[in-house]
Visitor: 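Let me begin by handing over the structure; questions about it come next.
This chain uses plain numbering: 1 for the first residue, then up along the sequence.
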Amino acid sequence: MLTHNIDYFKSKPDDLPKTTILLDNGYHPEKLTQALETVYPEIMTKIQFELSAKPSKAEKAAKGQSGFVPVAARWVIERSNAWVERCKSLVKNFDRTLQRSNAKLKLCFIRLMLKRLATA
């Protein structure tokens with residue numbers, strides 16, 4: 001992800017707040033930051049890593065919940081995936097190249113944004 005967006009991070013002014021990248025609880029933000037400091041030292045002042053919040057058993061019990069409890073940050077991605085599934089060309093037709101699939105994905109989100117802007 002950083003490699004594909006390196007130009008964005010390099011051109012981002014230093015006076016803007018850092019971009020926060022949410023990580024699953026399987027990652028270690030400290031180790032990731034140290035490793036990336038050696039590869040991308042020029043952009044590490046512009047990004048920060050944060051673990052997504054995971055409710056503890058005590059918090060679940062206090063709310064009367066048990067088992068799987070969805071994390072708010074993860075539902076942003078799940079909701080986006082649900083929107084993409086509405087684009088029939090993405091669901092039924094599979095492209096041979098990644099570039100073409102990526103273009104169709106972008107068109108799907110552009111269509112979604114235009115639809116929302118038209119109703120606003």
Side-chain angles (χ1 to χ4, degrees):
M1 188 233 7
L2 290 175
T3 304
H4 289 291
N5 297 301
I6 192 76
D7 293 331
Y8 166 77
F9 289 113
K10 283 182 179 178
S11 65
K12 184 179 175 186
D14 289 331
D15 58 335
L16 290 177
K18 288 184 172 185
T19 301
T20 302
I21 299 174
L22 285 177
L23 300 173
D24 196 354
N25 288 302
Y27 292 94
H28 301 281
E30 310 84 30
K31 291 180 182 178
L32 191 57
T33 303
Q34 287 175 355
L36 288 173
E37 283 283 346
T38 60
V39 181
Y40 300 115
E42 67 275 6
I43 67 165
M44 290 309 292
T45 58
K46 301 175 184 183
I47 62 174
Q48 64 185 4
F49 296 102
E50 183 181 313
L51 288 176
S52 61
K54 185 177 177 183
S56 67
K57 290 182 181 181
E59 291 171 340
K60 287 183 197 178
K63 293 180 182 178
Q65 300 171 329
S66 64
F68 174 75
V69 177
V71 178
R74 286 189 175 169
W75 285 109
V76 173
I77 295 168
E78 295 297 328
R79 186 177 61 223
S80 299
N81 289 341
W83 289 334
V84 168
E85 287 179 7
R86 291 184 189 165
C87 295
K88 291 181 183 177
S89 65
L90 290 173
V91 175
K92 293 189 177 197
N93 301 327
F94 298 100
D95 290 307
R96 294 179 187 206
T97 65
L98 183 60
Q99 292 172 333
R100 194 169 158 134
S101 294
N102 195 9
K104 280 188 175 183
L105 188 64
K106 288 178 181 175
L107 285 172
C108 179
F109 277 106
I110 289 170
R111 182 178 145 259
L112 178 69
M113 287 188 295
L114 287 174
K115 205 173 187 182
R116 290 186 178 205
L117 285 172
T119 60

Visitor: Who are the side-chain contact (heavy atoms from CB on, under 4.5 Å) partners of Ile110, not counting sequence neighbours?
Guide: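 side-chain contact (heavy atoms from CB on, under 4.5 Å) check on Ile110 returns Met113, Leu114.
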Visitor: If you look only at pairs with a residue in residues 35-47, which of them pass as a side chain to side chain donor-acceptor pair (under 3.5 Å), with sequence neighbours excluded?
Guide: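 Those involving residues 35-47 are Thr3-Tyr40.
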Visitor: Give a yes or no on this: more than 12 heavy atoms of other residues, nucleotides or ligands lie within 6.0 Å of atom CZ of Phe109.
Guide: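 Yes - once you tally the heavy atoms of other residues, nucleotides and ligands closer than 6.0 Å, there are more than 12.
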Visitor: For residues Leu105 and Leu98: do they belong to one hydrophobic cluster (side chain heavy atoms under 4.5 Å, members Ile, Leu, Val, Met, Phe, Trp, Tyr)?
Guide: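 Cluster IDs for Leu105 and Leu98 differ.
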Visitor: So, taking the atom named CG in Leu107 and the one named CG in Leu112, what distance separates them when rounded to the nearest 0.5 Å?
Guide: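 Atom-to-atom, Leu107:CG and Leu112:CG are 12.5 Å apart.
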Visitor: For Arg100, which residues count as a side-chain hydrogen bond (donor to acceptor under 3.5 Å, both in side chains) partner, sequence neighbours excluded?
Guide: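 Counting only residues at least two positions away or on another chain, Arg100 forms a side-chain hydrogen bond (donor to acceptor under 3.5 Å, both in side chains) with Asp95.
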Visitor: Could you pull out all donor-acceptor pairs under 3.5 Å where a side-chain atom in residues 10-22 meets a protein atom, sequence neighbours excluded?
Guide:
from  : atom 1 : to    : atom 2 : distance (Å)
Ser11 : OG     : Asp7  : O      : 3.0
Ser11 : OG     : Tyr8  : O      : 3.1
Lys12 : NZ     : Pro17 : O      : 2.9
Lys12 : NZ     : Thr19 : OG1    : 2.6
Thr20 : OG1    : Gln48 : NE2    : 2.7

Visitor: Using side-chain contact (heavy atoms from CB on, under 4.5 Å) as the criterion, list what pairs up with Asn5, not counting sequence neighbours.
Guide: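 Residues passing side-chain contact (heavy atoms from CB on, under 4.5 Å) with Asn5: Met1, Phe9.
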Visitor: Which atoms form the tightest heavy-atom contact between Leu51 and Pro29, and what is the distance?
Guide: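 Closest approach of Leu51 to Pro29: CG-CG, 3.8 Å.
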Visitor: Only pairs at least two apart or in different chains count here, so list each salt bridge (charged side-chain N to carboxylate O under 4.0 Å, His left out) that has a residue in residues 56-67.
Guide: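 Output for this query is empty, none listed.
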